[in-house]
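These notes are about the structure you will find just below.
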2 protein chains.
Amino acid sequence: MKIIRLNLKERSYPIYIEDGSISKCGCILKKLNIGKDAVIITNHKLKKILAGKVKKSLVKHNLSYKFYTVPDSEKAKSFQSCLNLIDKISKYDNRKQIFLIALGGGVIGDLTGFVASIYKRGTPYIQIPTTLLAQIDSAIGGKTAIDLPAAKNLVGAFHQPKTVIVDPKILKTLPKRQLTSGLSEVIKYAVIKDKALFSFLNKNHKKILSLNKSAIELIERKCITIKSKIVEEDEQEKKGIRTILNFGHTVGHALESAGGYKRYNHGEAIGLGMVCASEIAFNLKLLSRENLNKIINTIKLFRLPHKIKGINLSKIIPSLIKDKKFIRAKNRFVLPTVIGKVKVIKDIPEVVIRKAILKHILPN
Amino acid sequence: MKIIRLNLKERSYPIYIEDGSISKCGCILKKLNIGKDAVIITNHKLKKILAGKVKKSLVKHNLSYKFYTVPDSEKAKSFQSCLNLIDKISKYDNRKQIFLIALGGGVIGDLTGFVASIYKRGTPYIQIPTTLLAQIDSAIGGKTAIDLPAAKNLVGAFHQPKTVIVDPKILKTLPKRQLTSGLSEVIKYAVIKDKALFSFLNKNHKKILSLNKSAIELIERKCITIKSKIVEEDEQEKKGIRTILNFGHTVGHALESAGGYKRYNHGEAIGLGMVCASEIAFNLKLLSRENLNKIINTIKLFRLPHKIKGINLSKIIPSLIKDKKFIRAKNRFVLPTVIGKVKVIKDIPEVVIRKAILKHILPN
């Protein structure tokens, strides 16, 4: 099994990547020795597909388990959801040997990680991410959060999992739109850090879209390695290094919010955000026209939207200003300079931002 | 001004101890440079007495402020309380330069620290503790928590403050019962770590009870130094070192809970817990009769209850078993061996525990 180690001193952990690794979760957990009673947080759909394999492996290694399901939507990331889960967990926690398993995508990972971070001032948990986006990004690095009425991810913690089990085979059960959404973050990694990955994506887009085993495993390994290294250097996003992972996220988040979290899913919004950020970089003469086109073409190649539809600039700009990535009310963008390199640029004139976004809005 | 430094690498911070230090909070905060907009969490009573001094000092150093009050009781440590505070804080957080100030006792410190730990995945906060117990214990070391219906302190985080400002003069405004409650934790420090402090307490109990300035400053310095060292060695209570601070807390928490958190306040319950733990130590031949009597006499000297009234053993034992200090459903006690030294002992036969507690229950 391919193992990538994320090194954070006493918070280090292995990330396992292999087709079918979910069926080995009991063995991995037994070795980790983080507890005897597993609380598995998932949703109904995933429970139907995956519970059997997980149960079998846990029982084989003498671990008890309890499944708790949450709604299959961002709604699961609420304070109330946390409260309900903690209440249930505390009732199951008789032997005081409990640990949590996040079996799901980004929403379940964020929620489970946050509950683990606050239950008894920190309880062990592991991630079994079930979407491409979670496998290569959100499940790795310990960022956890829930939403409040005032804003998404307003409340959270940095709490590293004890391991991440990545089973690329699970992706076969995903709806196509969720797969392409994840590919958007793959493109992000390529643009910010890995020119070779960018070429690979362009040459192998058909294989990737049809979930060719070796192509998927390669991009997962590459992305997880990049993410791990960045997290190792700047675990709590205090040094400005982890910031580069936000390429495409500034405009992306504004689009998600302005679209009421319905029009675009996360990956689609980030794809559009990358288009806009690249356009800003081009306008500021930081990026060549050739590279701008390459980025936009790659986004098109993976069937991600590259033009904003049905949202006006007048709705996007206020959402942009509210974003927590705008520090001290000044803007801050991650902008590509060549394929594989980005710069963090602050205080970009609003007119430049408006012009760049406007260029990529389709007329009504 | 006396400064004790708590060393935890990048989470290190100074603890200021001086009569009147609260009036210097603005100056201290300006130097810390942790933000420009202070959110002060306190209760109505304290706001009346202390807000003037705090405001004046903050304004002098160009810091904006906002007061939010919470109920003056354990009720303030609820999930709902957290939610309300975060909602208000996010509305005030326009410049994204916010930090929190806990102006109060243990409840306000725990709540504020927890809100700070989860708001935007960690926001700076400082402690201005207003009770003896908070000044020497709960405000130091970054343990934060809130209560859930299922249990007290069930949810929390380790989140260190950026500084602690201890103003012994504030204690003069305290009700007597709250002062003696804090003295219970002073006795705890003496028994677990400092024979000289134990002698000082016995020789100077009158001065201490009348809040003699130099006597109070001395015991505060001693206790804060002990607490800081223990936290430095075992920040997250993972090495079993911080555990010794739980001397008296196992039976103490059970008494608080069995008494519905009304009969005994925290310090009083801990005092009784220390009596019972010392009795267990004596019965296990770990502690001499002479030292047992010395401990009980010191508790009496400070007008703390030394006999359990109105709670039956049949109510205490179930609360004891539920306590989260009992790991893996086995018991664990911090027991004194001489004055100034303790041992952590596991798996004490229930009959020994029952006998020791029973000896100190007054017949109805």
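To find a chain, count down the sequence lines: A is the first, B the second, and so on, and within it residues start at 1.
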**Complete:** Greatest number of non-hydrogen atom pairs under 4.5 angstrom with chain B, of A:Thr123, A:Asp93, A:Val115, A:Thr144, falls to A:Thr144

**Prompt:** How many angstroms lie between CZ in A:Phe79 and CD1 in B:Ile118, if you round to the nearest 0.5 Å?
**Reply:** 4.5 Å

**Item:** Non-hydrogen atoms of A:Ala145 and B:Arg121 that approach each other most closely
**Value:** CB-NH2, 3.5 Å

**Prompt:** With a 4.5 Å heavy-atom cut-off, do B:Ser90 and A:Leu148 have their side chains touching?
**Reply:** no

**Asked** How far does CG of A:Leu83 sit from CG of B:Leu83, to the nearest 0.5 angstrom?
**Response** 8.0 Å

**Item:** Crowding at NZ, A:Lys229 (>12 non-hydrogen neighbours, <6.0 Å)
**Value:** no

